[in-house]
Every structure is written in structure tokens, then in C-alpha cells.
4 protein chains.
Amino acid sequence: MNTNQTPKKKPGRPKITTENNITREQILKTAAHLFMAYGYEKVSMEQVAEASDVTKASVYYYFKNKATLFTVSVSSMFQRITKQTEKLLQNSKGLKHRLYEVTLDHLKRPHIDFETLLQEATSSLTEGHIHEIREAEKAIHEALENVFKQAANSGEIVVASPRLLAHTFSTVTMIRNKKELITELGGPEKTAQALVDLFWVGISPN
Amino acid sequence: MNTNQTPKKKPGRPKITTENNITREQILKTAAHLFMAYGYEKVSMEQVAEASDVTKASVYYYFKNKATLFTVSVSSMFQRITKQTEKLLQNSKGLKHRLYEVTLDHLKRPHIDFETLLQEATSSLTEGHIHEIREAEKAIHEALENVFKQAANSGEIVVASPRLLAHTFSTVTMIRNKKELITELGGPEKTAQALVDLFWVGISPN
Amino acid sequence: MNTNQTPKKKPGRPKITTENNITREQILKTAAHLFMAYGYEKVSMEQVAEASDVTKASVYYYFKNKATLFTVSVSSMFQRITKQTEKLLQNSKGLKHRLYEVTLDHLKRPHIDFETLLQEATSSLTEGHIHEIREAEKAIHEALENVFKQAANSGEIVVASPRLLAHTFSTVTMIRNKKELITELGGPEKTAQALVDLFWVGISPN
Amino acid sequence: MNTNQTPKKKPGRPKITTENNITREQILKTAAHLFMAYGYEKVSMEQVAEASDVTKASVYYYFKNKATLFTVSVSSMFQRITKQTEKLLQNSKGLKHRLYEVTLDHLKRPHIDFETLLQEATSSLTEGHIHEIREAEKAIHEALENVFKQAANSGEIVVASPRLLAHTFSTVTMIRNKKELITELGGPEKTAQALVDLFWVGISPN
DNA sequence: AATGAATGAGTGTTCATTCAT
DNA sequence: AATGAATGAACACTCATTCAT
């Protein structure tokens, strides 16, 4: 995969993307971690730099300001999560089981919520930044939405608004922050199961 | 003999009682608004002071630091919300309708989420502060939980864990932040209706 | 001494100095203690008030500002020390023994040095304040100086400048701050003895 | 292979070596002057910055907080004084004359006393800081102590505790603050002479 | 005589950002 | 590509002081 590792040599001087990417990627990953863990304001560029083992000035070499760094790092993380979610949604088991797996996956992430993060950062970001992040976020919801639509079409579920369902479902995983509750319910697996059950049959005694 | 011991007449200017301490109340209300709107870090004591039409030092006269101001103001707001929620839950209409009203009430609040807020502020608060807020928050969930329990006992609904249901229900109202979605669904009333329906019957085709 | 204690009644309504003095005196004493222990800047009016069990405003009722409070409280303390020093100097034992007792007395005081204190406070005090304190301080030196003069006249000691001797002697007791050294020398008594010996015979071998 | 491991060429702007780091040195010197003149609390970081012709933030770039700046600047000054004192003590003249020169040198310094300063700053410093300063201070005393020891061995003087003598001698120069007295005695030279004489022969008539 | 309320001016410290190297 | 130096603007918090009660 790495341009340096593959023996097939391109003509001309290769772009020095390799080393760049190592540093840049390192910063991005570190930043995402930190932002997720502590929020936007609480994380300083200095912290990001230190944790990335470079200097503050280096961070500015790659990202023109904090808002940009935030936007890029969070968007990338969204993309990774989207991929993971899609993978979980695309196996052949029944929808209910797939939902359970997605729920469990989200419950186990140790991070702050995206909504949280975004709300907090909003006043520091430009319209463009917010848009970029929202787009990245949308991908996750769309993945869920599509699955719900298909399931609705095939009669596997009945749902008024697949979109609302997707959002609701996604939002609910914020419950992961309430550790006490999860413990009380017997751990993440049980909690995930209970949540999916709740969504599945509702509360009406019919 | 000593004036201190005998409560004859207290020397000095009499203290303004908490209820009609207009300045303090003003600060509290303003602070709650600001924290809800912009988060913990983004709101400066100066801002609170200015918006309350007093000086920064006055804010410090009433609240010994930012964490305390935050705790007190947020807790007070929780109490107000709890009261309102309880009122809505205690009328005589069917549970579904009551849930609809609570949902609608929450959807209409223009604020950041408590969870969000708390997560962000956490690292600046002491254990005691967090505890205080959590206690205030718990009241809301308990109000919901009790209603669910009663409804379960009377056979009005079927529910595995009233607690999880309460939390989930409460969390879901965070969807209020997604204004686009609400618009798309036809406004808060329709959205509230759709959410309650979702909870009510679930998604299984049974 | 106290007007209230002596049965001899003055005609007319007595000045309400009694209660005043109790509070005022309390503040003065507390302030002196605090200033001696922590220096001028480090002690806040709030601290003085709290430690005196009154409010800040009360302190201002008796003393128009911090500089004044400092001046009065420190001067009073000087007077107390002067009295004590004079008492020790006026008994009938030999001069050397009396010096030993004064030295020991000073070594045992747990306070910051006056010089220290004054130097630090200087920039916050007016000329008048400084003068007042210096006058109070002078009394101590004069007590010593007079004793030295008498001893010189009676041939008990030989001294070029009694004044320099008084200052030097007084300054030397600042060694009390070097607790390690005092311990090493075997405690305050031994240290006092060694110091007096040093002054007594000097270091010349003759 | 890795540029980081092989010391081929360090990336980025080369660091200015400590010796010719003019800014840092400037700050240190200014800070020492100010602290000596006005004490710890009275000197603000802003003042130091202004007097050093840099911004406050620059001061923080070099010293992580006020306590550290204080410690470093005072320690450096101690080192300079130690050097000077050692130089004066190591010439070939008689001990009495050398003591005179050291005394005169100290009397002429226009500063606050170290003890004073340290006492005042103590509550703001960490154990480590205090230790560092004390170590630097010790050097001066040791220089004196060693000279006294040698003189005692060679029979030039008779002294019970060279250490106490060193401390006492050093403490006595605090008299420099009493400008009136020095004037009265006919200037620093005469005062220095009188002090050394006092130490030399003591006050006993024998 | 004594106090609660309120404030202006400062203090130490942090941080995103820029710039020359 | 990466860094050390430097800064402006902000921030939480403190404190001496005033004033009406």
C-alpha cells in the first residue's frame, strides 16, 4: 500500500507524501483522541503537539488553525466509524442482530459524544467547518437509514420515518456515558440487548 | 451579656433573604442561559457579569468560583425543569399523551444538552459539584421512571427496565439539536408525535 | 492600669473606650501576629477580619486602610517588645548575663524580622507611617544603647560606638530564622550563649 | 536511517545557547534587581516584563511561573556574590583586612536582605525552590566559614564555632539598610571598619 | 458600632497564533 | 519539513476600598 514499500516505481520524483503523512497522520489521530476525550476548548494546541511528539509550530505547519485541525481530525474519525458501522450492518444476520452489534460497538466507545463536541466547538468554527463535519456525520446516519429503508421495503420492519429512526437510534447510544446505569443493567452487552429490544417491540402492550 | 450570644438585635446591615435577592437570582438565571447556550469553557465570568449587569467582582461576591456558579445555576435549572416535567406527567390524560407533552416540552427548549454540558465541564468540577448536579438531574429521571413503573403495574405498558426506558426517553430528546431533521418532519409537534409513536409500538412488524 | 479596673471613678459619662478597645485591640493583636508571620502583602484585610472574628468592613471602621492598620499594629508590638527588653535589661545581674537573656528572648520569638517586614511594606506606606514605626523601633535600640553607655562609663565594657553595638546586637538576633544552625549549635540557649561570648571577647587571639 | 536517530542535522531553528541568550539573561538580571529592591509580592510579572523590554508572555516563555523566575534569578545573584566574596577573601592581606573588604562590599550593595526576601517569598515557593536558593546561599557562608577555619588553624584567630561566626558576620551586614546610622558613623568605610573592630576585639575590657 | 453589598484595578497564568531560521 | 522565539488577548480570581443600612 505504502508507496515506498511497493517495488513498482513511478517515473519522476515521488511526492514526499510518506513522511508527511506519518507526522500529519500522527497529529490527526492524536488530536481526534484528545478532542473526543476532553472536548474542544479543553484541548490546547500545545497538548496536541506534545502528545504527537512534535512542536506546536509543527502542528501549525500542517493545519492552519485549531478549528481546521478539529474539523479534519473529527471528520476523519467519523469516516472510520462510518466504515466500521457499515461493515457491521452489511453482514447477513437478521436486522435485529445487526442492530445489536452496532449498538454494542457504539456503547463501547469511550468517547465524548459528537453532538456534545460539535455544540461546544460550534462558536469557534466557521460555517464551512461545521458543514464539513456534518457531512461526515451524515454518512453514519445514512448508513443506518439505508438499512432501515431496505428492511422496511422487505417487510422486515415497519417504520414511519427511517430517518428519524436512524437519528434516534444513533442518539440513544449516548447512554454510554451513564456508566452506573450500564452496570446496573449488567454490562454493555445486556444494555445493548435491552435497547434493541425496546426499539423492536416498543412499550405498548398491544 | 455578650451581644453575640443574646439574639437581641443583630448589628449591622440586615442580610437580604435568598428569595428576594434580585442580584443573585439575576446572575443565576443569566449564567444558566449562557452555559446552556455556549457550554462551560466558552462562557467567561466577565460575560456572565456583563449580561447580568453587574461587575465580575460581584459575581464572585455571590459565587466563590466558576465551578460553583455553574453547579448552582445548572442545578437550579434542573429543578425548574423537573417541576415542569412532573406537572406535565401528573395530569389525567393517557400515558401516551402525557409522554407526548413531555417530549414536546423538551424538544422546544433551545438549549445545549445537560449531558453535553456536564461532560465538558467535568474536568473543571470537583466530585462534590458533579454529585450535586447529578442529584438534580436524577430527579427528572425519577419522575419519568415512577410514571413508567405505575403504568407497568397498571398494565398500561409493558417494559423490561423502567429505568432504562426513562433514560432512553430523556436522551432521545437531544434530537432537538438537529433542527433540519425537525423541520423535515414538519415541526416539533409532529416530531414529538413520531418519537412517542416509535417508542410506543417499536419497529417490529409483529 | 485599665480605666475600668481602677475604682477611682471619673466624673461625667465615661468614653465608650471599653468595648471599642476590645474589638479594636483584638484586631490589632491579630493583625500584628499575621503580619509578623506572613509579611505585609501576603496578609489580606479579609484574613485579618476573619481571624479577628469580625467583618472586613469592621476593620475599616477602626483603621482607615491597610497601611494604617499595619503601622499601628506593628508599632504596638514594638512597644510591647521594648517593655520586655527593658525589663530584662534592668535587673541587677552582670551585663553579660543580661545580654544573654535578651538574646535568648529574641531568639525565641517565632516571627519574621521587623526589618524584613518594614522593607517589604515600605513602598505601600507613607513617610508618616514609616516614621511612626521607626520611632517605635528606635525605642528598643535606645534601651540597649543606654545600657551599653552606662556599662562603658562604669568600665564594665569597652566600646567605640554604643549605638553601632546596639544595632549590631539587635540585628544579629535575626539568626533565629536559621533553625538548622540553631539546632546544630545545641538549641537556643547554647546559641544565645555562643553569640554573647562572640561579642564579649571577639575573635582576636591576643 | 531515521533523521531523529542519526544526529546528522537537527531539523528546525537552532536553539540559542544559554550563555548568549540575551533575552533570558536580561530578564534574569532585571528580575533579580526588582525582587531585591521591592520584595517578592510587590514585584509583578508585568513589571519584570516591562523593565526587561519584553512582553509578559515572553517572561513565561523562559520561566514557567513567578516562583521559578524568583528562584533562578535570586540563585544566580547569589552565585555572583559568592564569586565576588571569594575573590575578596583570597588575596594575601591579613584576615582582618580581608574581612573589612568583604564587609564594605556587602554594605555597599543597595539591596534588600536575602533572608528578608526568602522569608517573604517562602509561602509561594515549593520545597524544591527553597532548597535551590538555600544551596546557593550556603556557598557564601561556606566561603566565609572556610576562611575562618583556616585562620583558626593557623592561630590567626580564636573562634568557638566558625559556622556561627560566618552566619553572624553575614547577618550583620544587614545593617546596610540603616542609612542614618551609617551616615552618623561617617560613611560605609568607617562603618565597615567599626564592625570589623567590634568582631575583632569584642567588648570585654580585659 | 458594625455589617452586607458592590466594585475597580490588578495579578498570575494560558493559549492560539505568527515569524524568522 | 520543522522548530525556537515572541506576542496579544483573554481568563479566573483576589483584594483594598467604598457605601448604604
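Just so we're on the same page: letters track the sequence lines, and every chain starts at 1.
- Taking the side-chain hydrogen bond (donor to acceptor under 3.5 Å, both in side chains) definition, one finds that C:Gln26 meets it with C:Thr30, sequence neighbours left out.
- C:Thr126 meets the side-chain hydrogen bond (donor to acceptor under 3.5 Å, both in side chains) test with C:His129; sequence neighbours excluded.
- Atom CD in C:Glu50 sits roughly 13 Å away from atom P in E:dT3 (whole-Å rounding).
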At under 4.0 Å between heavy atoms, which parts of nucleotides 14-21 of chain F does protein reach? Answer with one letter per nucleotide, 5' to 3': B base, S sugar-phosphate only, - none. BBBBB-BB

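- Although no hydrogens or angles enter the test, the distance criterion places no donor-acceptor pair under 3.5 Å between the side chain of A:Gln119 and the main chain of B:Gly39.
- The phosphate of F:dA2 has OP1 or OP2 within less than 4.0 Å of a side-chain N or O from A:Thr23.
- Protein atom OH of D:Tyr61 is 16 Å distant from nucleotide atom P of F:dG8, rounded to whole Å.
- Between C:Thr55 and C:Ser58, the side chains place a donor N or O and an acceptor N or O closer than 3.5 Å (distance only, hydrogens not considered).
- The two residues B:Tyr60 and B:Asn65 have their closest heavy-atom pair at CE2-CA, 4.0 Å.
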Starting at the 5' end of DNA chain E, what dot-bracket string do you get if Watson-Crick and G-U pairs under 3.5 Å are bracketed, crossing pairs use [ ], other-strand pairs use | and unpaired bases use dots? .||||||||||||||||||||

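- Atom CZ of D:Phe70 is separated from atom P of E:dT11 by 17 Å (rounded to the nearest Å).
- Nearest nucleotide to the B:Tyr62 side chain, out of E:dA2, F:dT7, E:dA5: E:dA5.
- Judged as a ring pair (Phe, Tyr, Trp, His ring centres under 6.0 Å), and not counting sequence neighbours, the contacts of A:Phe78 are A:Phe114.
- The minimum heavy-atom distance linking C:Tyr40 with C:Glu120 is given by the pair N-OE1, 3.0 Å.
- Distance D:Lys15 NZ to F:dA2 P: 18 Å, rounded to the nearest Å.
- Picking from F:dA5, F:dT3, E:dT7 the nucleotide with the shortest atom distance to the side chain of A:Thr55 gives F:dT3.
- Heavy-atom minimum distance, D:Leu34 versus D:Val43: O-CG2, 3.4 Å.
- Summarising the geometry, the separation between CZ on A:Arg24 and C1' on F:dA2 is reported as 16 Å, rounded to the nearest angstrom.
- Listed by first then second residue, pairs satisfying salt bridge (Lys or Arg N to Asp or Glu O under 4.0 Å) with a partner in residues 54-67 of chain C read C:Glu46-C:Lys56, not counting sequence neighbours.
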